[in-house]
Number of protein chains: 2
Amino acid sequence: MTTRRRGAALEEAILQAAVEELTEVGYRELTMDGVAARAGTAKNVIYRRWPSRAALCIAAYRHMLPSGPDSTPDTGSLRGDALALLTRANDRMSSPVGRILRQLLADIQSDPERMRELRDQVARAGVSHWLTVLARAASRGEVGQQALTPRVATVAVDLLRNEYALNGATAVSPEVLTEIVDQVFVPLATQAPAPSDASSRD
Amino acid sequence: MTTRRRGAALEEAILQAAVEELTEVGYRELTMDGVAARAGTAKNVIYRRWPSRAALCIAAYRHMLPSGPDSTPDTGSLRGDALALLTRANDRMSSPVGRILRQLLADIQSDPERMRELRDQVARAGVSHWLTVLARAASRGEVGQQALTPRVATVAVDLLRNEYALNGATAVSPEVLTEIVDQVFVPLATQAPAPSDASSRD
DNA sequence: CTCTTAAGCTACTAGCAGTATCTTAAGAGA
DNA sequence: TCTCTTAAGATACTGCTAGTAGCTTAAGAG
């Protein structure tokens, strides 16, 4: 090969190769030699830019995320909005991107620094949509103030994430999604303000 | 070494060595050579009994679980029982046993067979306690029938598990536990039967 | 045209899962 | 007590991968 890429062009080629390897074989099976070969370069060139396999793959993961901000669904009912948001989340989690993210998260547990950045990226993606949906429902009088907490707002996605942690890579069924929405999210959001709370402080 | 163990005694020694290695360095860092050395035997002896590192570690994990069935807390209030159960779950999840289980689960994702057995073991451990606590609260008139679903029963532990998936190994704070109980579990369990449900079917 | 930088190449270390082979102790049966 | 089968133990090996080192040479700036 007589031509030689440098700088940004080379970096882009490596990231692209890493994205393709991630998509095809996943994080666990990705090898640095594989990425180097696919990018038409050598391993040490990769190590000049990223300190480890994990770091490269995190960068590649970022690189493969959809860029444009997506819209908040507006079906007219809280239940419909919630189902739409949860279905969208499920689609992402069951896609290659979701699989890669879970493998990355699992492999990074011992590195709090990287954990934080990845988790923030995960979290930031969704919360605002749920708060928007809840706020709209509140303005319709569908939900009370007590539901407007981060915990309640993210409860559906949190439960969905738990399904994946327990079930492995297989996609979660629509039935489970409606179960989460109908048995947990909607009841929580639309509950009466204070039925019999503060029952005891021991 | 002139004495040579055989059969069950040897198997027990290997499992014990694996348990110690798991406790000290965790699943990720456990090596077959390490287990063999600690057990005073050789790698191939281990492979005559378990087909892989993962299989050995699952057996060792089972071997290190507490055997006796634990009691269901009875504080007199649903909130108190829930906090007690969730605190106990948190203690387990933040212990070496919990760390090992999470590493195992993460490493087994691609093996549905092993996934199922491990997950069932995880699930079986807790659900009945929550159902008991809910049933007692129902008999006191504290909760309605709609709360007696597996989904609602396990919602607190599911959310706690999600915290560990996102936060890594660091223990979840008591504040988060009370947040889960007060903002999610208790409201769900004590809600009025059907406030304004079935809002629309589109 | 020259000189610095970094890309590309090749070879290396170190660690680990899993396999193979051979020797020899354990223990069962005669 | 002797013998014979089984499996424990020791050792060495394959194959794979992360990460490192050093050398050669193209790119591109001045």
Side-chain angles (χ1 to χ4, degrees), chain A residues 1-18 20-22 24-61 100 103-104 106-111 113-114, chain B residues 1-18 20-22 24-61 100 103-104 106-111 113-114:
Chain A
M1 196 166 295
T2 161
T3 105
R4 203 180 265 192
R5 295 155 302 182
R6 292 181 81 111
L10 178 60
E11 184 160 327
E12 175 66 23
I14 294 172
L15 281 177
Q16 190 54 42
E20 290 168 17
E21 290 275 301
L22 279 176
E24 288 181 20
V25 305
Y27 172 70
R28 305 269 296 269
E29 305 295 325
L30 175 143
T31 68
M32 299 300 265
D33 290 291
V35 174
R38 191 187 280 262
T41 184
K43 248 195 319 188
N44 51 357
V45 175
I46 303 180
Y47 279 103
R48 276 182 202 126
R49 287 157 205 278
W50 296 276
S52 72
R53 179 171 163 276
L56 166 67
C57 290
I58 290 178
Y61 171 77
I100 292 162
Q103 292 176 344
L104 265 174
D107 196 51
I108 296 305
Q109 296 277 348
S110 48
D111 186 337
E113 187 52 42
R114 290 195 212 286
Chain B
M1 196 166 296
T2 161
T3 105
R4 202 180 265 193
R5 295 155 303 183
R6 291 179 81 107
L10 178 59
E11 185 161 326
E12 176 65 23
I14 295 172
L15 281 176
Q16 190 53 43
E20 291 168 16
E21 289 276 300
L22 279 176
E24 288 181 21
V25 305
Y27 172 70
R28 303 269 298 269
E29 306 294 325
L30 174 143
T31 69
M32 298 300 264
D33 289 292
V35 174
R38 191 187 282 262
T41 182
K43 248 197 315 189
N44 50 0
V45 176
I46 303 180
Y47 280 103
R48 277 183 202 125
R49 287 156 206 277
W50 296 276
S52 69
R53 179 171 164 275
L56 167 67
C57 290
I58 290 177
Y61 171 77
I100 291 162
Q103 292 176 345
L104 264 173
D107 196 52
I108 297 304
Q109 296 278 347
S110 48
D111 187 336
E113 187 51 42
R114 289 195 213 286

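Order of the sequence lines fixes the chain letters, A, B, ..., with proteins taken first and strands second; residue numbering starts at 1 for each chain.
- Rounded to whole Å, atom C1' of D:dA18 lies 14 Å from atom CD of B:Glu29.
- Between the P atom of C:dC16 and the CD1 atom of B:Ile46 lies a distance of 14 Å, rounded to the nearest Å.
- A cation-pi geometry, defined here as NZ or CZ lying under 6.0 Å from the six-membered ring centre and within 45° of its normal, holds between A:Arg53 and A:Tyr27.
- More than 12 heavy-atom neighbours from other residues, nucleotides or ligands sit within 6.0 angstrom of CD on B:Glu24.
- Across D:dA26, D:dG9, D:dA18, the shortest atom-to-atom separation from the side chain of A:Lys43 is found for D:dA18.
- Side-chain N/O atoms of B:Arg49 include one lying less than 4.0 angstrom from OP1 or OP2 on D:dA8.
- To the nearest angstrom, P of D:dG28 lies 12 Å from CZ of A:Arg5.
- The nearest whole Å value for the distance from the CG atom in A:Asp33 to the C1' atom in C:dT13 is 14 Å.
- With both pairing distances under 3.5 Å, D:dA29 is matched to C:dT2 as a Watson-Crick or G-U wobble pair.
- Nearest approach of B:Arg114 to B:Pro51, heavy atoms of both residues: NH2-CG, 4.2 Å.
- Separating the CZ atom of B:Arg53 from the C1' atom of D:dC16 is a distance of 15 Å, rounded to the nearest angstrom.
- Taking side-chain N and O atoms only, A:Thr41 has a distance below 4.0 Å to OP1 or OP2 of C:dG8.
- Residue A:Arg38 contributes atom CZ, which lies 20 Å from atom C1' of C:dG8 at whole-angstrom precision.
- The base of C:dA7 lies close enough to the side chain of A:Arg48 for a donor and an acceptor atom to sit less than 3.5 Å apart.
- Evaluation of atom-type donor-acceptor distances gives a pair under 3.5 Å for the side chain of A:Arg4 against the base of D:dT25.
- B:Leu30 has its CG atom 17 Å from the P atom of C:dG15, to the nearest Å.
- Of the charged side-chain nitrogens involved, at least one lies within less than 4.0 Å of a carboxylate oxygen, so that B:Arg28 and A:Asp107 count as a salt-bridged pair.
- In this structure, A:Arg6 reaches the bases: a heavy-atom distance under 4.0 Å links it to at least one base atom across the strands shown.
- Taking 4.0 Å as the cut-off between side-chain N and carboxylate O, B:Arg48 and B:Glu11 do not count as a salt-bridged pair.
- One interatomic measurement links the two molecules: CG of A:Asp107 to C1' of D:dA18, which rounds to 12 Å at whole-angstrom precision.
- With C:dT19, D:dG19, D:dG9 as the choices, the nucleotide that has an atom nearest any side-chain atom of A:Tyr47 turns out to be D:dG19.
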